[in-house]
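Hydrogens, waters and symmetry mates play no part in the numbers below; they use all other heavy atoms, side chains included.
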Amino acid sequence: MKFIAEIDIMPHKELLDPQGKAVVNNMEHFDLTGITDVRIGRHVTMTLEADSEADARRKVDTACQKLLANQIVETFHYDLAQAH
Amino acid sequence: MKFGVIVFPGSNCDDDMVHVLGDVMGQEVSKIWHKEKDLHGFGDGDCVVLPGGFSYGDYVRAGAIAQFSPIMQAVKAFAAAGGYVFGVCNGFQILCESHLLPGVLLHNANQQFICKNVWLRPGTNRSPITSDLDLNQALKIPIAHAEGRYFADRATLDALEQNDQVLFRYCTPEGAISPEANPNGAERNIAGICNAQRNVFGMMPHPERASEAVLGNSDGRGIFESLVSSVLV
């Protein structure tokens, strides 16, 4: 079975995100006001073959835990759907 | 003792490290390609060095992909057996991503790549790379990184300090450890640490770029002299 995982990896909420801060501080340069916070993470689209949804989740979890996210500083969340 | 310098795709300080260890310090040194699966002939008293650079283009996170290079399984086994492992800059990032050292290196607080001389205060003599250093003498060593902001949770930071594992802190030229002397926002001004067993050590600054009078700065040489003398004992 073929699955597609849409994965979001974000810095922990309590952590300074200097990239997001730089972006929010520069919005005023094109006259956009009212943006109070920006936090920037990564989005990963992963296509995978798995025997079942549980098997697919195990694979996505392993990929996130071992490589895609560093859980000291990042959290991950994903939506999984069967591809047709 | 002998030294092995691991070369990852994107390493760019490997030749500098080989030069300092071999030509300046007069030690036996060889390069090891990251696709090797074992550390041929490396054993007790030998040292593996992970040099600076941009392994795998810093994709995902600096050091994140290099931790799965074939040689790193051998480096982990070597470290577990008590072998010396020294990471500089990207090498430090790889050691953290590999969980051979606690914590992680984040983007600098000012979101810029910083390349300049900074001052470091050794935090302890209880490590192979700080054993001969004067704890009251600040060293001028260059940094060159975008992801050098050392981070760990409070419990980990407290444990590092209680166990005397903080090897270097960013300081003023006079040796004061202050927020103004912190170039990248590192927690508690931390620039280098070792593991609890004290055989794995990493630092963001580049002592191999500051070990010869001809370069106008030899403050880094004491770090290599410490390493050679403590390992030869």
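- Chosen from A:Ile72, A:Asn70, A:Leu68, the residue pairing most often with chain B at heavy-atom distances under 4.5 Å is A:Asn70.
- Ring geometry for B:Phe42 versus B:Phe78: interplanar angle over 60°, hence perpendicular rather than tilted (30 to 60°).
- Scanning both residues, B:Ser55 and B:Ile94, for their nearest heavy atoms gives OG-CD1, 3.7 Å.
- Heavy atoms closer than 4.5 Å to chain A are found in both the backbone and the side chain of B:Ile65.
- For the set A:Ile9, A:Leu16, A:Asp17, A:Val44, the entry with the most heavy-atom pairs within less than 4.5 Å of chain B is A:Leu16.
- Using a 30° and 60° split on the angle between ring planes, B:Phe92 and B:Tyr150 fall in the parallel class, below 30°.
- Counting heavy-atom pairs closer than 4.5 Å to chain A, the top residue among B:Ala64, B:Ala109, B:Ala152 is B:Ala109.
- Considering SG of A:Cys64 and CZ of A:Arg57, their distance stands at 11.0 Å, rounded to 0.5 Å.
- Both the backbone and the side chain of A:Lys66 come within contact range of chain B, with heavy atoms under 4.5 Å apart.
- Between atom CZ of residue B:Arg149 and atom CD of residue B:Gln111 there is a gap of 9.0 Å, rounded to the nearest 0.5 Å.
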